[in-house]
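Please read the structure below before turning to the comments.
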Amino acid sequence: MRKTLHIYNTLSKKVEDFKAHDDPIVRMYTCGPTVYHYAHIGNLRSYIMEDVLEKALNYDDYKVKRVMNITDVGHLTSDADEGEDKMVKGAEREHKTVMEIAKFYENAFFDDCRKLNIKKPETVVPATSMVDEFIRVIGVLIDKGYAYKAGGNIYFDTAKLDNYYVLSNQKEKELLEGVRDDVEVDSNKKNKTDFVLWFTKSKFENQQLKWDSPWGTGYPGWHIECSCISMKNLGEYLDIHCGGVDNIFPHHTNEIAQSEAYLGHKWCNYWFHVQHLNDQTGKMSKSKGDFLTVSVLEEKGYNPLCYRLFCLQSHYRKPLLFTFDALDNVKNQYSKLLSRVASLNKAQGGIDHDQFNVYKSRFLDALMNDLNTSDALTVLYDVLKSPLNDATKYALVEDFDKVLSLSLTAEDTRAHSPAAEKQADDDLKTFVEEKLKERTDARKARDFAKADAIRDELAAHGVTIKDTREGTTWTLQ
RNA sequence: GGCGCAGUAGCCAAGUGGUAAGGCAAUGGUCUGCAACACCAGUAUGCGCCAGUUCAAAUCUGGCCUGCGCCUCCA
């Protein structure tokens with residue numbers, strides 16, 4: 001049952017009806033991570049919402065082809081006094097070679113994704129693997145008159161375009177140059193929005209990764225990789241390009257400029273941007289030093305999927321404020337949700353297909369309404385509260401989880417972090433089992449003072465107990 | 001200075017002109033010795049502010065206020 005996706009398009013600043021260029025195939029490109037450090041949970045908010053978008057489209061019977069780049073070269077940094085390539089900086093910090101560090105953090109990134117149930121795009125391309133293609137495309141741009149050489153570097157001439165600002169609505173005369181004091185003004189540029197396609201004159205002396213090119217030994221500018229990787233793998237017509245809002249200008253604006261200059265026609269129809277995760281001081285940022293990673297959440301005892309639920313409860317176009325109080329709320333919510341699903345007897349009754357489709361349709365409506373994940377979760381709660389039999393409820397939960405990806409029906413999921421759960425050694429196990437037996441006897445004898453004393457004693461060993469209908473259980477925290 | 005996103009209960013949040021969904025927390029209750037779990041109940045005369053349009057506005061229009069982001073590192 002195909003429904004129309006209503007999706008906000010940064011290009012038009014409006015919610016539009018989505019139409020794939022080559023229905024039912026959807027070609028989707030995502031700006032991937034710069035692999036010089038761990039991703040923080042704010043970065044991951046974008047990837048979670050892009051994951052939901054991909055899965056929602058597949059749920060709506062599209063076939064999504066998705067490509068992501070890995071930026072392992074060329075991004076300059078400004079969080080040091082005198083810039084260095086980010087990769088070089090990371091390598092120095094970790095005493096490793098640039099390529100080792102890139103691989104290390106790429107693996108770390110996909111590890112985080114796996115913990116958050118973010119599906120890895122089928123095509124992932126490191127920028128360093130496609131430098132030949134960057135050089136070829138830059139050559140074409142020069143031949144077509146869109147690029148010029150100055151001061152040893154190749155620049156894109158933004159004045160050659162009629163509508164450079166389509167995406168951002170900026171006006172050239174209003175743009176401030178060097179708004180941030182750490183940015184140097186480049187006197188080689190003809191226009192202040194021109195950007196470098198190929199560097200041979202690096203202001204960074206210890207640039208380690210270099211390639212030969214017709215314009216001299218150097219390295220690519222930081223916009224060209226996304227255009228080339230996308231066009232090479234997804235062709236001349238892109239349906240959806242994703243990224244965080246901070247990429248709109250200049251990165252995505254420049255991608256449009258160079259791609260359409262190269263192709264000679266419109267390139268991408270829909271631009272999907274995810275708002276930032278903020279903390280009390282504003283946007284979460286690696287430059288600020290301390291930042292929250294998935295590992296930190298795990299160490300603090302949260303299952304990473306609590307964070308995924310936290311994001312799904314909000315809307316991708318709304319700024320979201322992160323606090324541990326808020327995450328604690330969601331941890332409770334997630335825990336309750338899991339136990340409600342776990343209590344379902346999936347063998348009870350047959351699946352009521354009519355009702356299944358009614359709820360499925362409501363769930364899809366929520367997603368198709370500009371990815372209203374918060375409303376989609378409400379449909380999930382409505383299912384759990386409904387008078388449907390357990391078999392039907394379970395089937396619906398399983399179905400919804402194709403998009404939500406909260407591991408709702410996985411047997412071993414817990415709201416607290418499995419990584420934070422300590423393993424009890426055999427001695428402690430024996431000790432606890434003995435004490436519990438003693439306590440059970442005391443309770444039978446209605447000697448509650450003794451029973452409570454034993455509970456306190458176990459608590460002192462970090463053991464928490466729970467009396468359930470099936471007997472007493474315990475966990476070590 | 002310009003451009004963009006947002007502002008609904010303690011927190012997250014739905015709502016797209018017809019009289020405020022849902023979740024978490026807190027509160028009261030039921031249940032088992034007590035905890036915990038589970039379940040039940042009620043919880044915004046109000047939707048940043050001020051005008052306007054309308055029989056009717058959180059929803060439309062105008063103005064303003066506040067927060068966040070971008071303007072060559074960033075998701």
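Just so it is clear: chains get the letters A, B, ... in the order the sequence lines come, proteins before strands, and each one is counted from 1.
Here A:N329 does not reach the OP1 or OP2 of B:rC24: none of its side-chain N or O atoms lies under 4.0 Å away. Between A:K318 and B:rA14 there is a side-chain N or O to OP1 or OP2 distance below 4.0 Å. Here A:S168 does not reach the OP1 or OP2 of B:rG2: none of its side-chain N or O atoms lies under 4.0 Å away. The side chain of A:Y8 contributes an N or O atom lying less than 4.0 Å from OP1 or OP2 of B:rC5. At B:rA25, one or more side-chain N or O atoms of A:N332 fall inside 4.0 Å of OP1 or OP2 (strictly under the cut-off). Side-chain nitrogen and oxygen atoms of A:S314 include at least one within less than 4.0 Å of the OP1 or OP2 phosphate oxygen of B:rA13.
Nearer to the 5' terminus of RNA chain B, by closest-nucleotide assignment, is the contact made by A:R317 (compared with the other of A:R317 and A:D375).
Within the 4.0 angstrom heavy-atom criterion, base atoms lie near A:G42. A:D370 comes within 4.0 angstrom of nothing in the nucleic acid, heavy atoms only. Looking at heavy-atom distances under 4.0 Å, A:K385 makes contact with sugar-phosphate atoms alone, never a base. Among the atoms of the strands shown, only primed sugar atoms or phosphate atoms (P, OP1, OP2) are found under 4.0 Å from some heavy atom of A:N372. Residue contacts for A:F156: at a heavy-atom cut-off of 4.0 Å it reaches no nucleic acid atom on any strand shown. A:Y47 comes within 4.0 angstrom of sugar-phosphate atoms only, judged by non-hydrogen atoms across all strands, and of no base. If you check every strand for non-hydrogen atoms under 4.0 Å, A:R362 touches nothing. Within the nucleic acid shown, A:F195 has no heavy atom closer than 4.0 Å to any nucleic acid atom. Heavy atoms of A:Q313 sit under 4.0 angstrom from at least one base atom. Heavy atoms of A:K336 sit under 4.0 angstrom from primed sugar atoms or phosphate atoms, though from no base atom.
For A:A326, taking side-chain heavy atoms from C-beta onward, the closest of the listed nucleotides B:rC11, B:rG23, B:rC68 is B:rC11. In the set B:rC5, B:rU16, B:rC24, B:rU16 carries the atom at the smallest distance from any side-chain atom of A:N369. For A:H315, the side-chain atoms get nearest to B:rA14 when compared with the rest of B:rA14, B:rA75, B:rC71. Relative to the side chain of A:L320, the nucleotides B:rC24, B:rA13, B:rC71 differ in distance, and B:rA13 lies closest. Of the listed nucleotides (B:rA75, B:rA6, B:rC34), B:rA75 has the atom at the smallest distance from the side chain of A:D246. In this structure, of B:rG33, B:rG23, B:rG69, it is B:rG69 that holds the atom nearest to the side chain of A:V245.
Look at B:rU66: its Watson-Crick or wobble partner, with both distances under 3.5 angstrom, is B:rA6. Using N1 to N3 plus N6-O4 or O6-N4 for Watson-Crick, or N1-O2 and O6-N3 for G-U wobble, each under 3.5 Å, B:rA21 pairs with nothing. Figure legend. B:rG52 is base-paired to B:rC60; pairs are counted as Watson-Crick or G-U wobble with both atom distances under 3.5 Å. Judged by Watson-Crick or G-U wobble contacts below 3.5 Å, the nucleotide B:rG46 has no partner. Across all strands shown, the partner of B:rU27 is B:rA41, judged by Watson-Crick or G-U wobble contacts whose two distances both fall under 3.5 Å. With a 3.5 Å ceiling on both atom-pair distances, the Watson-Crick or G-U wobble partner of B:rG1 is B:rC71.
Remark: the separation of the C1' atoms in B:rC40 and B:rG46 is 27 Å, to the nearest Å. Nucleotides B:rG10 and B:rC71 have their C1' atoms positioned 37 Å apart, rounded to a whole Å. Taking the C1' atoms as reference points, B:rA35 lies 46 Å from B:rC5, given to the whole Å. Comparing B:rC68 with B:rG48, their C1' atoms sit 15 Å apart, to the nearest whole Å. Look at the C1' atom in both B:rG42 and B:rA56: the space between them is 29 Å, to the nearest Å. Spacing between B:rC47 and B:rA9 at atom P, rounded to whole Å, works out to 10 Å. Comparing the C1' positions of B:rU16 and B:rU61 gives a spacing of 15 Å, expressed to the nearest Å. Comparing the C1' positions of B:rG18 and B:rU54 gives a spacing of 12 Å, expressed to the nearest Å.
A donor-acceptor contact closer than 3.5 angstrom is absent between the side chains of A:Y359 and A:D399. In this model, no donor atom of one side chain and acceptor atom of the other lie less than 3.5 Å apart for A:T392 and A:Q355. Remark: the A:Y155 side chain and the A:D186 side chain contain an N/O donor-acceptor pair separated by less than 3.5 Å. The closest side-chain donor-acceptor pair between A:N69 and A:T71 falls under 3.5 angstrom. At a cut-off of 3.5 Å, with distance as the only test, no side-chain donor of A:D17 or A:T4 sits close to an acceptor on the other residue.
More than 12 heavy atoms of other shown residues, nucleotides or ligands fall within 6.0 angstrom of atom NZ in A:K13.
Of all the heavy atoms in A:V383 and A:K393, the pair that sits closest is O-CE, 3.4 Å.
A:D441 places no side-chain N or O within donor-acceptor distance of the main-chain N or O of A:E438, the cut-off being under 3.5 Å.
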